[in-house]
Amino acid sequence: MLDKQIMQALTHVVTELYDAADITLSLEKTPKEFDGDYTLVVFPLLKRSKKKPEVTAEEIGTKLVEQYAIIDTYNVIKGFLNLSVTSRALYDAIAEHGCKIPTIAKTSKPYLVEYSSPNTNKPLHLGHLRNNLLGYSISQILMACGYHVKMIQIINDRGIHICKSMLAWQQFGHGETPDSTGIKGDHFVGKYYVEYEKAYRKQVNDLTDSGMSQAEAEQEAPLNKAVQNMLRQWENKDPETIALWKTMNQWVYDGFKTTYQQLGVHFDKNYYESDTYLLGKQVIQEGLEKKIFYKKADGSVWVDLTAHGLDHKILLRSDGTSVYMTQDIGTAIARYHDFEFDSMIYTVADEQDYHFQVLFIILEKLGYAWAKNCHHLSYGMVILPTGKMKSREGTVVDGDDLMSQMKKTAQEIAKSRTTIANEKVSEQIGIAALKYQLLKVDPKKQVLFDPKESIDFHGKTGPFIQYTYARIQSIIRKNGKTEPFSFPENLRMEERVMIKKALDYQNQVHAAGQQRSPAILANYLYDLVKSYNSYYQEVAILSETQTQTRSFRIALSAHVACIIQAAAKLLGFDVPEKM
RNA sequence: GCGCCUGUAGCUCAACUGGAUAGAGCAUCGGCCUUCUAAGCCGAGGGUUGCAGGUUCGAGCCCUGCCAGGCGUGCCA
């Protein structure tokens, strides 16, 4: 790679001149208002060169041009050494540049990525979509970087939430099913969750109207008593309850399957809370014996994290039942037994930052060396222009609805254009619009999702990226055969910009992987596509008469298309051949 | 109260991890389709990077103190 070559040259020259091999050099891209391709900032070298910035830069520049054929010219402005590489060097670099990413993985042990991890009492909403897209994309990026990624999730299939749906279905369901009603399974179960809440609220209100306090009413409402009872029955493995639980969960899984398919995500292994929730308890017991944890008089078990600047955290309730943390400890250890992973990422919203901070410390205290390779991919909430999504106020944006709405919008836009867009392409475009909009934002920031703006397919959007790809494919189709290409004698300014942008692809994928941020790749991809469109506008490609130049331009275009397709895939969307 | 995150153009976001005159999209205004797909391109206007100090050759980025918003914070998940 060209930047690596230049780095090597610089290291060599700087060692020769100032014996400064130990000083880390900062090589950057030259801003467009200056002449040059790459810029060395010489300030860090001054303490060794003992000369003025300008003089130091001059000395390095002179030697570079003398000794390295790829360096064409240089200029010095203050402490900045701007290097111009030869067109030949750019050509050579792009000619051998591939769409494959060099590996940065230093182990072949698995790299686990957890994402999605839904509750089984309602369908997926917009917030889940962000989670799924982030988790899936970072998995693809890490795979591209050479890691052996396994995508996993923990399904929260037990607990009070699913019991509410079960109870409501028992009481108000009259035996209807997703099949008998034609309602998608997860929506069907979600409907009964809502019905439970409605009926429960009414009971609470009736009780407070008759003079009971709010807290007491919430406790005493018949539905609450019934649902608590149902949870106990579940834990006692009452056959009828277990059977109903299995049936309703299966309805949900059938529904999720469709949603995941539409979303284009999948998993290598599912963990179920009903299988893992007991695992943690025995680990807590062991930790208690090793005095890593302590027990209070009331029987509850705690860990003291004050040495880490944190608080005390409960691990087992006084009645001996497990809490969220207990389960997560058990699940993590179970995963290690299953995979002997090197690293693991949890894709979970930022409201659980503290939880994971504590989890990783506890695992470390328990002596698990891999704990230091556990990471929380924390992301901000998706909010609407009207504020947070609130299920009680009916402002939750449903995932399935949103996806079909995006597809519909894509179809409508296609109709108003001259080019055709069939069913499949419309779906590709709609889903790309959705995915790009959610992924282009830095994970740790909130995403504001404006339904009105989301139907704009112009500008910095997924469809724009797809459109550019389709344009290039059109050129390739019209040209017919793939022909050999060679150095076109000279490169135009637009070409140099385009080539440098393309050469940056692999670095950007590495950066996205290392920083666990698909947004880095998403923003790069937009820049690349933007550069290509300028190039396309300014430079004749098919209509270029000089054969050698034309074949090079077509090859360059094809290479850009290759990067677009590969990068889009890492972000989780496809690019159509025509649109 | 304490902890973490965020604050950049009217709005939504970038800024290569400390580099040069802070960039894009949307919105507004003005150009470009008899030539490779106008879901495109070119141009204009729009900024005290929340405020105040500090660190150094250099700060949107690091440190301190405020202000605003978000999320948490010993028996919800």
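All values below were derived from every heavy atom in this structure, side-chain atoms included, with hydrogens, water molecules and symmetry-related copies excluded. Just so we're on the same page: letters track the sequence lines, and every chain starts at 1. All of these numbers come straight from a predicted model, not from anything done at the bench.
Between N121(A) atom CG and C76(B) atom C1' there is a gap of 14 Å when expressed in whole angstrom units. Separating the CZ atom of F360(A) from the P atom of C4(B) is a distance of 18 Å, rounded to the nearest angstrom. Distance, H355(A) NE2 to C5(B) C1': 18 Å, rounded to whole Å. Rounded to whole Å, the distance from CD1 on I154(A) to C1' on A77(B) is 12 Å. Rounded to an integer number of Å, the gap from NZ of K444(A) to C1' of C13(B) is 14 Å. Taking atom CG of residue D298(A) and atom P of nucleotide C75(B), one finds them 11 Å apart after rounding to whole Å. Nucleotide C76(B) holds its P atom 13 Å from the CG atom of L316(A), rounded to whole Å. With rounding to whole Å, E538(A) atom CD is found 8 Å from C42(B) atom C1'.
Heavy atoms of I520(A) sit nowhere under 4.0 angstrom from any nucleic acid atom. As judged by a 4.0 angstrom heavy-atom cut-off over every strand, K313(A) is placed among residues making no nucleic acid contact. Among the heavy atoms of the strands lying under 4.0 Å from V539(A) is at least one base atom, whether or not backbone atoms are also near. Residue contacts shown for I541(A) include a base, since a base heavy atom lies under 4.0 Å away. Across all strands, N507(A) comes closer than 4.0 Å to no nucleic acid atom at all (heavy-atom distances). No engagement by Q437(A) is indicated, since no non-hydrogen atom pair under 4.0 Å with the nucleic acid exists. Counting non-hydrogen atoms under 4.0 angstrom, K388(A) reaches the backbone sugars and phosphates but no base.
One donor-acceptor pair, N or O on each side, does fall under 3.5 Å between the base of C16(B) and the side chain of K29(A). Residue side chain T39(A) reaches the base of A20(B) through a donor-acceptor N/O pair under 3.5 Å, judged by distance alone. A donor N or O paired with an acceptor N or O is found under 3.5 Å between the base of A20(B) and the side-chain atoms of N82(A).
Residue D456(A) places its side chain closer to C26(B) than to any other of C36(B), C26(B), C41(B). Nearest to the side chain of F464(A), among C71(B), A38(B), G40(B), sits G40(B). Of the listed nucleotides (C36(B), U6(B), A39(B)), C36(B) has the atom at the smallest distance from the side chain of S543(A). Taking every side-chain heavy atom of S534(A) into account, C42(B) is the closest of A77(B), U37(B), C42(B). With G72(B), A14(B), G70(B) as the choices, the nucleotide that has an atom nearest any side-chain atom of V441(A) turns out to be A14(B). Proximity note for Q352(A) (side chain, C-beta onward) versus A77(B), U37(B), G40(B): the nearest is A77(B). Nearest to the side-chain atoms of I413(A) among the listed nucleotides C4(B), A39(B), A14(B) stands A39(B). In the set C36(B), C71(B), A20(B), A20(B) carries the atom at the smallest distance from any side-chain atom of P31(A). The side chain of Q537(A) approaches G40(B) more closely than any other nucleotide in the set A20(B), G40(B), A39(B). Set against G7(B), C75(B), A39(B), the side chain of K445(A) has G7(B) as its closest nucleotide.
The gap from the P atom of C13(B) to that of G31(B) amounts to 32 Å, rounded to the nearest Å. Comparing the P positions of C62(B) and C16(B) gives a spacing of 11 Å, expressed to the nearest Å. A gap of 15 Å separates the C1' atoms of U8(B) and A68(B), to the nearest Å. Distance noted for atom C1' between U12(B) and U56(B): 35 Å (whole Å). Only the P atoms considered, U55(B) is 16 Å distant from G60(B), to the nearest whole Å. Look at the P atom in both C61(B) and C5(B): the space between them is 15 Å, to the nearest Å. Separating the P atom of C41(B) from that of A9(B) is a span of 24 Å, rounded to the nearest Å.
For R471(A) and A38(B), the shortest distance from a side-chain N or O to OP1 or OP2 is below 4.0 Å. The phosphate of G25(B) (OP1 or OP2) has no side-chain N or O of H458(A) nearer than 4.0 angstrom. For the OP1/OP2 pair of A39(B) and a distance below 4.0 Å, the side-chain nitrogens and oxygens of Y467(A) include at least one atom meeting the criterion. For G25(B), the OP1/OP2 oxygens have a side-chain nitrogen or oxygen of K530(A) closer than 4.0 Å. In this model, the phosphate group of U37(B) is approached by a side-chain N or O of S474(A) to a distance below 4.0 Å at OP1 or OP2. Look at R317(A) and you'll find a side-chain N or O under 4.0 angstrom from OP1 or OP2 of A77(B).
Checked for salt-bridge contact, K500(A) and D37(A) meet the test: a charged N lies under 4.0 Å from a carboxylate O. Comment: D3(A) does not engage K29(A) in a salt bridge, judged by the lack of any side-chain N to carboxylate O separation of less than 4.0 angstrom. Comment: K52(A) does not engage E54(A) in a salt bridge, judged by the lack of any side-chain N to carboxylate O separation of less than 4.0 angstrom.
Comparing E33(A) and E544(A) by the nucleotide of RNA chain B whose heavy atom lies nearest to each, the residue mapping closer to the 5' end is E33(A). In this structure, N523(A) and Y536(A) both approach RNA chain B, and ranking their closest nucleotides by distance from the 5' end singles out N523(A).
Within the shown strands, G23(B) is the pairing partner of C13(B) under the Watson-Crick or G-U definition, both distances less than 3.5 Å. G72(B) is paired with C2(B) under the criterion used here, namely a Watson-Crick or G-U wobble arrangement in which both key atom distances are under 3.5 Å. In a base pair of the Watson-Crick type (N1 to N3 plus N6-O4 or O6-N4) or a G-U wobble (N1-O2 and O6-N3), with each distance short of 3.5 Å, U48(B) is matched with no nucleotide. Across every strand in view, C61(B) sits unpaired, with no contact that passes the Watson-Crick or G-U test at under 3.5 angstrom. The partner of C36(B), taking Watson-Crick or G-U wobble pairs whose two distances both stay under 3.5 Å, does not exist in any strand shown. When both pairing distances are held under 3.5 Å, U8(B) makes no Watson-Crick or G-U pair with any nucleotide shown.
Both tests do not hold together for R130(A) against Y379(A): distance to the six-membered ring centre under 6.0 Å, angle to the ring axis within 45°.
Applying the 6.0 Å contact sphere to CD of E33(A) captures more than 12 heavy atoms from other residues, nucleotides or ligands. Within a 6.0 Å radius of CG in D35(A), other residues, nucleotides and ligands contribute 12 heavy atoms or fewer.
With centroids closer than 5.5 Å and planes inclined by less than 30 degrees as the test, Y526(A) and the base of A24(B) fail to qualify as a stacked pair. Stacking of Y354(A) onto the six-membered ring of G3(B) is not present when judged by under 5.5 angstrom between centres and under 30° between planes.
C33(B) shows a glycosidic angle within 90° of 0 and is accordingly assigned syn.
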Audit row: N156(A), Y277(A), side chain to side chain contact (heavy atoms under 4.5 Å, CB included) steps and yes/no: CA-CA 10 Å; N156(A) 304 302; Y277(A) 83 109; over 6 Å; no
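Between F464(A) and Y436(A), the distance from one ring center to the other does not fall under 6.0 angstrom.
With S165(A) contributing its side chain and V189(A) its backbone, the two residues share a donor-acceptor pair below 3.5 Å.
A donor and an acceptor atom, one from each side chain of S378(A) and D353(A), are located under 3.5 Å apart.
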